[in-house]
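For reference, the structure discussed in these notes is given below.
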Amino acid sequence: MEKPTGTIFYQRKPSESVCRVVQLPCEHYADVGKLRMLVKWLLNKGHSSFVCTLCPGGAMPWQGLRLVLDLPEDELRECERELQRNSQQPSLLSKCPACSRLMQRLSKSELIVTCPSCPCSGGKDCRFCWDCLREWTGSQGDRCGYSDCSSLLLLRSCSVIESVRSAVHQCPRVRKCPGCQNLLGHAGGCNNILCPYCRCSFCYRCLTVSPRHSPSCRIQPNPSVL
Ligand SMILES: [Zn+2]
Ligand SMILES: [Zn+2]
Ligand SMILES: [Zn+2]
Ligand SMILES: [Zn+2]
Ligand SMILES: [Zn+2]
């Protein structure tokens with residue numbers, strides 16, 4: 001893995017005879033061959049953020065970079081594996097709810113995330129809420145339009161029950177009732193629970209609606225796309 005030398009980023013479009021260039025989301029240009037080398041070199045060195053050197057302080061989110069890099073499928077997969085390994089804060093990576101490609105946000109305060117020319121949204125940008133992973137409906141940039149946004153975030157990010165002798169060992173601490181969709185936790189006892197809101201009986205492990213389910217079933221994760 002070599003670090004590319006010479007000019008990578010250009011203020012204006014250089015002549016095609018110099019190198020094959022692509023336009024970046026910041027509207028600068030880059031030598032695509034060297035940019036690919038640079039990204040692979042950075043990933044190899046354990047980095048998880050990418051900047052255009054002509055844009056001080058402006059990092060490029062992975063989804064925009066991926067589009068201009070246009071890597072072959074196997075190289076792309078390898079890069080994304082490395083990116084996930086390198087990312088210090090897993091909360092900065094997620095997957096697009098429409099096309100399930102890897103998405104990166106640049107700061108924890110960013111709530112609307114845009115997947116550029118997402119193929120599943122008819123070539124349009126897919127804008128979604130990072131917390132609940134639904135299409136963006138809010139009017140303000142820092143407020144999701146769904147009132148149950150924070151409960152979905154809780155489902156996606158809650159820790160698991162650590163109780164080796166319990167039938168619900170390793171199950172998420174918060175579950176959504178398959179009957180009424182209310183959130184509830186496990187209050188002790190076996191894996192079969194009765195929802196206090198709708199009286200629906202379900203298995204806390206696999207979420208099957210059934211009055212009695214043997215605890216040998218596979219633990220169903222909470223809805224999450226990552
Ligand atoms: Zn730039
Ligand atoms: Zn997408
Ligand atoms: Zn939301
Ligand atoms: Zn219920
Ligand atoms: Zn079960």
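Note that the coordinates shown come from a computational prediction; the quantities given were computed from them, not determined experimentally. For the single chain, residues carry numbers from 1 onward in sequence order. Counting starts at 1 for both ligands and their atoms, following the listed order.
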Quick check: of its N, O or S atoms, which one does His28 have closest to the Zn ion (ligand 1)? ND1

Could you check whether Ser214 and Ser216, counting side-chain N and O atoms only, form a donor-acceptor pair closer than 3.5 Å? yes

Shortest-distance N/O/S atom, His213 versus the Zn ion (ligand 5): ND1

Taking side-chain contact (heavy atoms from CB on, under 4.5 Å) as the test, write out the residues that go with Arg20, two or more places apart. Val32, Arg36

Where the Zn ion (ligand 1) is the corner point, what angle links SG of Cys55 with SG of Cys52, to 10°? 120°

Between Arg127 and Thr114, a side-chain donor and acceptor under 3.5 Å: no

So ring-ring contact (aromatic ring centres under 6.0 Å, His included) across residues 60-110, not counting sequence neighbours, yields Phe50-Trp62

Check whether any N, O or S atom of Cys99, backbone or side chain, sits closer than 2.8 Å to the Zn ion (ligand 2). yes

What do you get for the angle at the Zn ion (ligand 5) between SG on Cys206 and SG on Cys217, to the nearest 10 degrees? 110°

Residue pair Arg156 / Asn222, side-chain donor-acceptor N/O under 3.5 Å: no

